[in-house]
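Structure first, then comments.
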Amino acid sequence: MPELPEVQTIVDDLKNKIRVARIIDIKILTKSIWRYKYPRKRSMIGAKVSDVIRRGKYILIYLSTNNVLVIHLGMTGKLIFVKVGSKPDKHTHVVFKFPDSDLHYNDVRRFGFMDLVSVDALKGIAFLNKLGPDPFEIEMGEFISIIKSKNRMIKPLLMNQDIISGLGNIYSDEILFKARIHPRSISSRIRKKKLAKLYDSAREILERAIEARGSSISDFVDGSGVRGEYQNSHLVYGRGGQSCKRCGAKIKREIIGSRSAHFCPRCQR
DNA sequence: GACAACCTGACC
DNA sequence: GGTCAGGTTGTC
C-alpha cells in the first residue's frame, strides 16, 4: 500500500496524537509480525513516545526507554487510532494502549513487519543503513549523478529502495509521466535535462500527494481511518486503456521489472 | 533482469 | 477456477 506520501501521512498523524503520550499496555495478537526478534514488552510499556520519523517507507517511533519501534507497512499495513477498548478485528496484530485511545496495527496480507531495537543498535541495522536518500534529502546534482551512474531501466531503478527510497509502483509511474520519460529508458543514457525534470517532478508530485494525504486505491487510510485523495490526481497509474489526459493517446499497461507499469507511449520516450 | 515466495481478498 | 494488488527478499 504505502509509498512515501502514505507513510508520511501516517507519521504526521502519529506525531500529532502520541508524541509525549505514554504507552500504558501492549497486546500482541500475532507473534510472527516481529521480524527480527520477539520484543520484550517491558521495553515499551510505560515509555513515552519522544519522536516519530520516516526513513524511506519505514516508520521509526522513538521511545523514552532508548528503544525504537521500526515499522514497515508492507502492502496492506495500517496504523489506526480507535476508541479505548475497541475490539480488534481478525487482521489486527498489535494493540498499543494509550490514555486517550488505542492504536491498532492491522495488516491483511501480513507483508508488513515491526522490530524493536535500541537506539544504539539502530545504527547497525542493515536494512536501514542500505536505504538510499529519498527525493527530499538530496540536491538535484546528486540525484542526477546517482541515476547516471547506474545502467538500469529507470522505473525499476526508481523503485529500488537502496538507490532512492520512498518511491513505489504508483509514484514511479506518475513521476515518469510528468517528466515524459519512458519507464524502460536506460538510466545512464537519459539526458541531464530530462533527469533535472525527473527530480523536480518527483519532489512536486510527492509534495502534492502528501498534501492530499496519500493515494487510496483500495486499502490505504490515515490514522483516523480516512482515505487519501491523491488517487483522483493520478494521470497514468491504474489508467491502462484510457486516454492520456495530455495528448489523448491510449495509456499502456505493461509488465516492467515484474511490476505493472502505466505510461503514455506518445508522451513518454 | 526475471521469478517465486511470503499472504488475503476482490473481482471476473 | 484464474488474475490482480501501494512491497521486499532471495534465487537463478
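Please read these numbers as outputs of a predicted model, since none were measured by experiment. Reminder, nothing fancy here: chain letters follow the sequence lines and each chain counts from 1.
In summary, the side chains of A/Asn106 and A/Thr92 do present a donor paired with an acceptor at a separation below 3.5 Å, with no hydrogens or angles considered. Side-chain contact, A/Ser86 with A/His104: no donor N or O sits under 3.5 Å from an acceptor N or O. Between the side chains of A/Thr76 and A/Asp107, at least one donor N or O lies within less than 3.5 Å of an accepting N or O.
The CD1-C1' distance, from A/Ile256 to B/dA2, rounds to 14 Å in whole Å. What separates NZ of A/Lys78 from C1' of C/dA5 is a distance of 14 Å, to the nearest Å. What separates CG of A/Leu73 from C1' of C/dA5 is a distance of 16 Å, to the nearest Å. Distance CG (A/Asp162) to P (C/dT8): 10 Å, rounded to an integer number of Å. Distance, A/Glu254 CD to C/dC4 P: 14 Å, rounded to whole Å. Computed from coordinates, the A/Ile217 CD1 to C/dC4 C1' distance equals 13 Å when rounded to whole Å. Atom CD1 in A/Ile255 sits roughly 14 Å away from atom C1' in B/dG1 (whole-Å rounding). At whole-Å resolution of the value, CD1 in A/Ile59 and P in C/dG7 are 14 Å apart.
If you check C/dG7, C/dT9, C/dC4 against the side chain of A/His72, the one that comes closest is C/dG7. Each of B/dG1, C/dG7, C/dT9 was ranked by its minimum atom distance to the side chain of A/Met153; first place goes to B/dG1. Comparing C/dG7, C/dC4, B/dA2 by their nearest atom to the side chain of A/Asn169 picks out C/dG7. For A/Arg152, the listed nucleotide lying nearest its side chain is B/dG1; candidates were B/dA2, C/dG7, B/dG1. The A/Met159 side chain lies nearest to C/dG7 when the options are B/dC3, C/dA5, C/dG7. Listed candidates were B/dT8, C/dA5, B/dA2. Nearest to the side chain of A/Arg110 is B/dT8. Here C/dA5 is the nucleotide among C/dG7, B/dT8, C/dA5 with the atom lying nearest to any side-chain atom of A/Tyr237. Among the nucleotides C/dT9, C/dA5, B/dA2, the one closest to any side-chain atom of A/Tyr58 is C/dT9.
The closest side-chain heavy-atom distance from A/Phe113 to A/Ile33 is not below 4.5 Å. Between A/Glu174 and A/Val236, some side-chain heavy-atom pair lies under the 4.5 Å cut-off.
Pairing partner, C/dG7: B/dC6, with both Watson-Crick or wobble hydrogen-bond distances short of 3.5 Å.
The phosphate of C/dT8 (OP1 or OP2) has a side-chain N or O of A/Lys57 nearer than 4.0 angstrom. Within the structure, every side-chain polar atom (N or O) of A/Arg35 is placed at least 4.0 Å from both OP1 and OP2 of C/dT8. Side-chain N/O atoms of A/Gln161 include one lying less than 4.0 angstrom from OP1 or OP2 on C/dT8. Distances shown here put every side-chain N or O of A/Ser218 at or beyond 4.0 Å from the OP1 or OP2 atom of B/dA10. Dashed line: the shortest gap from a side-chain N or O of A/His91 to OP1 or OP2 of B/dC7 is not under 4.0 Å. Using a 4.0 Å cut-off, some side-chain N or O of A/Lys90 falls inside it from OP1 or OP2 of B/dG9.
Nucleotides B/dA4 and C/dG2, compared at atom P, are 15 Å apart to the nearest Å. Atom name P, nucleotides C/dC4 and B/dA2: the rounded distance is 16 Å, in whole Å. For C/dT8 and B/dG9, the P atoms lie 22 Å apart once the distance is rounded to whole Å.
When heavy atoms are screened at a 4.0 angstrom cut-off, A/Arg259 is found touching base atoms of the nucleic acid. Backbone-only contact: A/Gly257 has heavy atoms under 4.0 Å from sugar-phosphate atoms and none from a base.
Between A/Phe111 and B/dC7, no base-stacking contact is recorded for ring centres under 5.5 Å apart and planes less than 30° from parallel.
A/Phe127 carries A/Arg35 over the face of its six-membered ring, with the cationic atom under 6.0 Å from the centre and within 45° of the normal.
For A/Lys17, the NZ atom counts as densely surrounded, since its 6.0 Å shell holds more than 12 non-hydrogen atoms of other residues, nucleotides or ligands.
In terms of position along DNA chain C, the nucleotide closest to A/Arg109 lies nearer the 5' end than the nucleotide closest to the other residue of the pair A/Arg109 and A/Lys130.
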